[in-house]
Amino acid sequence: MSESDRPRHFIQQIIDEDNRTGKWGAWPDGRPRVHTRFPPEPNGYLHIGHAKSILLNYGLAEEFGGRFNLRFDDTNPTREDQEYVDSIIRDVRWLGARWPGMRDDDPSAGVLYASDYFQQMFEWAVELIRKGRAFVCDQTAAEIREFRGTLTAPGRPSPWRDRPIEENLDLFDRMRRGEFPDGSRTLRARIDMASPNLNLRDPVMYRIVHAAHHRQGDRWCVYPMYDWAHGLEDSIEGITHSICTLEFEIHRPLYDWFIHAINEGRTADGSGPWGRRIHHPQQIEFARLSLNYTVMSKRKLLLLVKRGLVRGWDDPRMPTLSGLRRRGCPPEALRELCARAGVAKFKGTTEIQLLEHCVRDHLNRVAPRAMAVLRPVRVVIENWAEHGPADRVDWLDAVNNPEDPAAGSRKVPFCGELFIEQEDFAEVPPPKFWRLFPGNEVRLRYAYLIRCTGVEKDASGNIVTLRCTYDPATRGGDAPDGRKVKSTLHWVSVRHAIRSEVRLYEHLFNTPDPEAADDDAPEPLGATAADADAARAEAWLARLNPNSLTTIADAQVEPMLAEAPIGAVVQFERLGYFCVDPDSEAPAGQSTGGRRLVFNRTVSLKDSWGRQQAKA
RNA sequence: UGGGGAUUAGUGUAACGGUAGCACGACUGACUCUGGAUCAGUUAGUCUAGGUUCAAAUCCUAGAUCCCCAGCCA
């Protein structure tokens, strides 16, 4: 579906209307101004849920000829780290977003940081103190909590609420200069301790934190809270549409209150004591992406990493962008997924099948085909020597991508000994089994028709070798006499095959909603309340799929793959899409053999035979 | 219990007083040198109860259910 005939979601409709009324003015080129941003906190790795936000924000800027900022919301030095900054920039770039000042030779060029606005925010805070809209509070965290009241009971004013302005000014300045220990005082907005919206009960604007900031060093020891900082960051950057997720809906009145409080007494032309009015962005909330068969919270993903339940943030089973990238998921598929999942205020769960469909759909068009045998069984062509030298190699033409004629073709070697897939043979075929069985004829893809004549087993009855004859007249795969076969198998020449490791992935969890409350599980007997809480909180861990990773050490792949670069994506015919994992050795140029190759299965092909079998 | 949101096939999303549509999934069948892809078809829905209207998913009233908010996190 093209972008233009997709239904317009509610945010696009809001922007259409804004543009119609000229609400945000125009860029120098005359186009109505649309300016969005993605504002991550650098305290973890990005996941597929963030991709929706990035793509939504970037997509709107692109669609309307506007701008998109990547801005770190780095207001809490105790949780943030440069490592996360770097990974986030890498992921946002990988998704294809572009921002002003972006450069290829410097990944961080043009990236913005909330911490660069700390001085401006501080000055505005001083202004609110002067206007009687903010005060320094000496209550402890526990007292603030107690005085805040509850969902149903109003709060009580802090005893410091009516401190004289001059005293507030002095104290706030000394807070900044580092005279007071962490937690001893805060700067709070003076709003309404009886508001039914808890966020308006004199929220904290600044807390004292003597900690080095990853960019500001020791310059600051007071740090702004999210609610105070976030709207101001958007205002400073001239963001028109501050798009965020649903849980911030109830913060919007506060976000608006702060801007209004700053603009109180300010004028459009800057005349008067307070100067020019500041820009007031519109916050719009949408439902974040959630997918079944996985978890999305940073806390839970971190726990999986910490406990070693996955190999790291970029484990291909993780819903992180780095994990998806390593898994071989193309960014195009993520874009398509987000476009299809839509943008709305309903908090639904998208089925992971939609992601898999988007991945297959894209890879089907672009992935070169190759042949690989995951669980090999040896086939001996009994009559191979009757038609030429026993050790000859027959190089056959194979199409690289039937969906893309421009992809051309390649040569694959065929010999008297081959590997085929164990599950492509049955000594006694079940109903509707069209593959190889004694007496049956099948086609080897791009090669010959072969007929099974016998089976060799070892002492314990395991099949060791399949004996077959080939029909030399069927070279390329078609019989001159027009006879048809029901099945085509993939194969690899024993002599040319490259032994490789293949990692098969399934859903991380074996239940669609791992985070669901577990009503059936009995409370652990004799446990304390805290233990029971912990047990409940981690019940989702028990739903991890023990089969989410299957490692095959001795798959056999066709020789063409010897030089495949890290990250290369291929379709193993009849099996699925695979990519070369970074655990592989780098391609060695001329070398043949000896290179350690590891493939990740990105996603299997749809398998109607497998499904039929599973049901039976 | 206060406040803020949400509710349309299994899932997600359109329809903005005028034919409830699309996609994914599932199921049939056709075709096929990938049991893939493709093509054709089937399946299945407006949270409930009233009301307004020629006409209601849409407007009104009442209710139900679910989510979010009581960090010096974001």
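As the structure is a computational prediction, the values presented were derived from the model and not from experiment. Order of the sequence lines sets the chain letters (A, B, ...), proteins ahead of strands, with each chain counted from 1.
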Which nucleotide, A70(B), C73(B), U13(B), lies nearest any side-chain atom of Ala344(A)? U13(B)
With a 4.0 Å cutoff (strictly under), does any side-chain N or O of Lys606(A) reach OP1 or OP2 of G25(B)? yes
Between A6(B) and Phe346(A), is there a base-stacking contact, meaning the centre of the base's six-membered ring lies under 5.5 Å from the residue's ring centre while the planes stay under 30° apart? no
Checking all strands, does Glu403(A) fall into the base, sugar-phosphate, or nothing category for heavy-atom contacts under 4.0 angstrom? base
For G2(B), the Watson-Crick or wobble counterpart (both distances under 3.5 Å): C69(B)
Side-chain N or O of Gln283(A) closer than 4.0 Å to phosphate OP1/OP2 of G4(B): no
Any strand counts, and the cut-off is 3.5 Å on both contacts for Watson-Crick or G-U wobble. Which nucleotide pairs with G10(B)? C24(B)
Any side-chain donor near an acceptor of the partner, Tyr117(A) and Glu237(A), under 3.5 Å: yes
Any salt bridge linking Asp202(A) with Arg161(A)? Criterion: basic side-chain nitrogen under 4.0 Å from a carboxylate oxygen. yes
Below the 4.0 Å mark, does U34(B) have OP1 or OP2 next to a side-chain nitrogen or oxygen of His490(A)? no
Nearest-Å distance once atom C1' is located in both C31(B) and U38(B): 8 Å
Short N-O contact, Asp361(A) and Arg365(A), less than 4.0 angstrom: yes
Atom-to-atom span, NE2 of His230(A) to C1' of G71(B) - whole angstrom: 18 Å
Check for a donor-acceptor pair, side chain of Arg163(A) on one end and backbone N or O of Val136(A) on the other, with a separation under 3.5 Å. yes
Has Arg435(A) got a side-chain N or O lying under 4.0 Å from the OP1 or OP2 atom of G35(B)? no
Gln353(A) has its side chain closest, among G36(B), G25(B), G4(B), to G25(B)
Specify the separation, in whole Å, of atom CG of Leu200(A) and atom C1' of G4(B). 12 Å
Distance, rounded to the nearest Å, where Gln12(A) contributes CD and A14(B) contributes C1': 13 Å
In whole angstrom, give the distance that lies between atom CG of Asp227(A) and atom P of C73(B). 12 Å
Identify which nucleotide among A14(B), A74(B), G3(B) has an atom closest to any side-chain atom of Pro196(A), counting heavy atoms from C-beta outward. G3(B)
Nearest heavy-atom pair of Arg188(A) and Arg201(A): which atoms, and what distance? NH1-O, 3.8 Å
Look at Arg360(A) and G36(B) and indicate whether a side-chain polar atom (N or O) is within less than 4.0 Å of OP1 or OP2. no
If you compare every side-chain N and O of Arg611(A) against the phosphate oxygens of A26(B) (OP1, OP2), does one of them come in below 4.0 Å? yes
Has the side chain of Glu351(A) got a donor or acceptor that lies under 3.5 Å from a partner of the other kind on the base of G10(B)? yes
Using atom P of each nucleotide, how far apart are U8(B) and A15(B) to the nearest Å? 14 Å
Any Thr150(A) side-chain N or O less than 4.0 Å from OP1/OP2 of U1(B): no
A15(B) pairs with, by Watson-Crick or G-U criteria that keep both distances under 3.5 Å: none
For the base of C69(B), is there a side-chain donor-acceptor partner from Glu249(A) under 3.5 Å away? no
What distance, rounded to whole Å, do you find between the two P atoms, one in A37(B) and one in G21(B)? 27 Å
Glu336(A) bridged to Arg6(A) by N-O distance under 4.0 Å: yes
When syn is taken as a glycosidic angle within 90 degrees of 0, is G71(B) syn or anti? syn
For nucleotides A56(B) and A49(B), find the distance between their C1' atoms and express it as a whole number of Å. 15 Å
Within the 4.0 Å heavy-atom criterion, would you say Gly183(A) contacts the bases, only the backbone, or no part of the nucleic acid? base
Distance check, C1' atoms only: A6(B) and G12(B), in whole angstrom units. 15 Å
Regarding Gln139(A), tell me which of base, sugar-phosphate or nothing describes its non-hydrogen contacts under 4.0 Å with the strands shown. base
May I ask you to check whether Phe578(A) and Phe599(A) place their ring centres under 6.0 Å from each other? no
Would you say Arg188(A) reaches G71(B)'s phosphate, i.e. side-chain N/O to OP1/OP2 under 4.0 Å? no
Check: Tyr45(A) ring centre within less than 6.0 Å of Tyr84(A) ring centre: yes
Hey, would you say the Tyr226(A) and His230(A) ring centroids sit under 6.0 Å apart? yes
Given that Leu151(A) and Ala287(A) both sit by RNA chain B, which one's nearest nucleotide is further toward the 5' end? Leu151(A)
Could you measure between the two P atoms, the one in A14(B) and the one in C66(B), and give it in whole Å? 24 Å
Sugar-phosphate only, base, or nothing, as touched by Arg252(A) at under 4.0 Å among non-hydrogen atoms: nothing
Which nucleotide in G35(B), U34(B), A14(B) has an atom nearest any side-chain atom of Arg369(A): U34(B)
Looking at Asp607(A) and Arg611(A), is there a salt bridge between them, counting it only when a charged N and a carboxylate O are closer than 4.0 Å? no
Which base sits across from C59(B) as a Watson-Crick or G-U pair, both distances under 3.5 Å? G51(B)
Given G71(B), is OP1 or OP2 found less than 4.0 Å from the side-chain N or O atoms of Arg148(A)? yes
By nearest-nucleotide position on RNA chain B, the 5'-leaning member of Ile250(A) and Gly342(A) is Ile250(A)
Can you tell me if Thr78(A) touches the phosphate of C73(B), counting only side-chain N or O atoms and a distance under 4.0 Å to OP1 or OP2? no
Please state how far atom CD in Glu515(A) lies from atom C1' in C66(B), giving the value in whole angstrom units. 16 Å
Using only side-chain N and O atoms of Arg288(A), determine if any of them is under 4.0 Å from OP1 or OP2 of A74(B). no
Nearest to side-chain heavy atoms of His357(A), which nucleotide of G25(B), G71(B), C72(B): G25(B)
Among G35(B), C68(B), C72(B), the nucleotide that comes nearest once only the side chain of Trp609(A) is considered: G35(B)
If I pick the P atom on U58(B) and the same atom on G17(B), what distance separates them, to the nearest angstrom? 12 Å
Measure the distance from CG on Leu56(A) to P on U13(B) and round it to the nearest whole Å. 14 Å
Under 5.5 Å centre to centre and under 30° between planes: does that hold for Tyr226(A) and the six-membered base ring of A74(B)? no
Using Watson-Crick geometry (N1-N3 plus N6-O4 or O6-N4) or G-U wobble (N1-O2, O6-N3), each under 3.5 Å, C39(B) is paired with G29(B)
Provide, to the nearest angstrom, the distance between the CG atom belonging to Leu246(A) and the P atom belonging to C66(B). 17 Å
Is there a donor on the side chain of Glu356(A) or the base of G25(B) sitting less than 3.5 Å from an acceptor on the other? no
Round to a whole Å and report the spacing from OH of Tyr206(A) to C1' of C72(B). 14 Å
Would you say the side chain of Arg340(A) and the base of U13(B) hold a donor-acceptor pair, judged only by whether the two atoms sit under 3.5 Å apart? no
For atom P, what is the distance between G45(B) and G10(B), given to the nearest Å? 7 Å
Counting just side-chain N and O atoms, does Arg6(A) come under 4.0 Å of either OP1 or OP2 of U13(B)? no
